[in-house]
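The structure appears below as structure tokens.
The model shown is predicted, which means the values in this text are computed figures rather than measured ones.
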Amino acid sequence: MKWGGVVSFFASEHAMRAERVFQRAGLPARLVPGPREVSPNCGVAVAFVWEDEPEVERVLSESKIRFEAIHPYELDDDG
């Protein structure tokens with residue numbers, strides 16, 4: 001799967017909670033190592049499909065999950 005964005009967090013527990021919330025909302029998401037070029041804070045980020053970015057931001061706000069930022073970032077599970 002091609003992921004077009006990542007959400008960076010201040011703490012890994014927020015990333016894990018966000019992944020579960022996204023999946024419950026029907027948004028494809030998975031935990032990934034936090035890319036250092038987008039954030040030095042937490043070692044874990046959540047990858048998502050960039051076209052879902054408005055919904056990702058809405059779900060994060062409604063769930064009151066503390067996050068650092070939403071970044072466009074290309075990842076590909078196929079290598």
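Here the side chains of Glu74 and Asp76 are not in contact, with every heavy-atom distance at 4.5 Å or above. At least one side-chain heavy atom of Val21 sits less than 4.5 Å from a side-chain heavy atom of Arg24. A 4.5 Å side-chain heavy-atom check between Val7 and Ile65 finds every atom pair outside the cut-off. Residues Trp3 and Pro28 meet the side-chain proximity criterion, which asks for heavy atoms closer than 4.5 Å. In this structure, Phe48 and Leu75 have side chains that are not in contact, with every pair of non-hydrogen atoms separated by 4.5 Å or more. With a 4.5 Å cut-off on side-chain heavy atoms, Gln23 and Leu27 do not count as touching. Val32 has its side chain out of reach of Val44: every pair of non-hydrogen atoms, C-beta onward, lies at least 4.5 Å apart.
Taken from NE2 in His14 to CG in Leu60, the straight-line distance is 11.5 Å, to the nearest 0.5 Å. For the atom pair CD (Glu53) and CZ (Arg58), the distance works out to 12.5 Å, reported to the nearest 0.5 Å. Note that CZ of Arg20 and OG of Ser63 are 11.0 Å apart. Values are rounded to the nearest 0.5 Å.
The two atoms that bring Ala15 and Phe9 nearest to each other are CB-CD1, 3.5 Å, heavy atoms only. Heavy-atom minimum distance, Val6 versus Ala47: CG1-CA, 4.1 Å. Here the closest heavy-atom approach between residue Leu31 and residue Met16 is recorded as CD1-CG, 3.7 Å.
In the displayed structure, Arg66 atom CZ is contacted under 6.0 Å by at most 12 heavy atoms of other residues, nucleotides or ligands.
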Just do the salt bridge (Lys or Arg N to Asp or Glu O under 4.0 Å) check on Glu13 and Arg17 with the steps written out, would you?
-> CA-CA 6 Å; Glu13 60 264 19; Arg17 183 170 163 231; over 6 Å; no
CA sep, side-chain torsions, deciding dist, call: Ile70, Trp50, side-chain contact (heavy atoms from CB on, under 4.5 Å) = CA-CA 10 Å; Ile70 297 172; Trp50 185 253; 3.9 Å; yes
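With Glu19 contributing its side chain and Val46 its backbone, the two residues share no donor-acceptor pair below 3.5 Å. Proximity of a side-chain donor or acceptor of Glu68 to a complementary backbone N or O of Ser8 within less than 3.5 Å is not detected.
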